[in-house]
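The structure under discussion appears below in the form of structure tokens.
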Amino acid sequence: MSYWLMKSEPDEVSINDLARLGQVPWFGVRNYQARNFMRDAMQVGDGVLFYHSSCATPGIAGLARVASLPYPDATQFNPASPYFDAQSTPDRPRWVNVDVAHVATTPLIPLAILRQSPALAGMGILQKGSRLSITPVTAAEWQFITRNLMELHDVF
DNA sequence: GCCAACGTTGGC
DNA sequence: GCCAACGTTGGC
């Protein structure tokens, strides 16, 4: 079992949207490294820190879990979608996504708070210039965040 | 809106 | 294969 941090712009899909829908395809990833995490490394049941980016107060807004195997991202075939990729064909799809299911909505843990914890200094999201929308999280980081910052002891 | 940092593209 | 130019990300 692995852990991940996945960024979403709340204007597109917020933690409240995820709570309401229960489960969503993590569509729109157009970065090979992030795609490869979904395609090659994620397992159903993996823990996800749901992160709100590009908003007034960026930070971790809740917990989710990986809920499907990877499969072709439907938006790549839709010419009307901003995620359309003319190079991609159903025969040889370039982009995949997994489904992500809601686990918990938590009080927002702002990025500024994450930066204050030495235990989290190695997190991908905190590295200078890091833009990856999906980054691995260590078990120690996951436990520090869920136990110390969220005061949750019974998830995952 | 600014801008640092990064990934991708494409000419050579 | 190099690398300059460009587009994008995302915090501030």
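Residue numbers begin at 1 in each chain, while the letters A, B, ... track the order of the sequences. The model shown is predicted, which means the values in this text are computed figures rather than measured ones.
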How many Å lie between CG on A/L132 and P on C/dT9, as a whole number?
12 Å

What is the distance, to the nearest angstrom, from the CD1 atom on A/I134 to the C1' atom on B/dG7?
16 Å

What is the distance, to the nearest angstrom, from the CD atom on A/Q127 to the P atom on C/dT9?
21 Å

Which of these nucleotides, B/dA4, C/dT8, C/dC12, is closest to any side-chain atom of A/K128?
B/dA4

Ignoring the backbone of A/Y32, work out which of C/dT8, C/dG11, B/dT8 is nearest its side chain.
B/dT8

A/D85 CG to B/dT8 P, straight-line distance once rounded to whole Å
12 Å

Would you mind reading off the distance between A/L114 atom CG and C/dG10 atom C1', rounded to a whole angstrom?
15 Å

How about A/Y71 and A/N97: does a side-chain donor come under 3.5 Å of a side-chain acceptor?
yes

May I ask you to check whether A/Y32 and A/W95 place their ring centres under 6.0 Å from each other?
yes

Centre-to-centre under 6.0 Å for A/F50 and A/W26, is that the case here?
yes

From CZ of A/R30 over to P of C/dG7, roughly how many Å is that when rounded to an integer?
20 Å

Atom pair distance, as rounded to whole Å: CG in A/N31 and P in C/dG7:
19 Å

A/W4 and A/P136: which non-hydrogen atoms are nearest, and at how many Å?
CE3-CA, 3.6 Å

d(CG, A/L126; P, B/dA4) in whole Å:
21 Å

Of the listed nucleotides (C/dG10, C/dG11, B/dT8), which one gets closest to any side-chain atom of A/Y51?
C/dG11

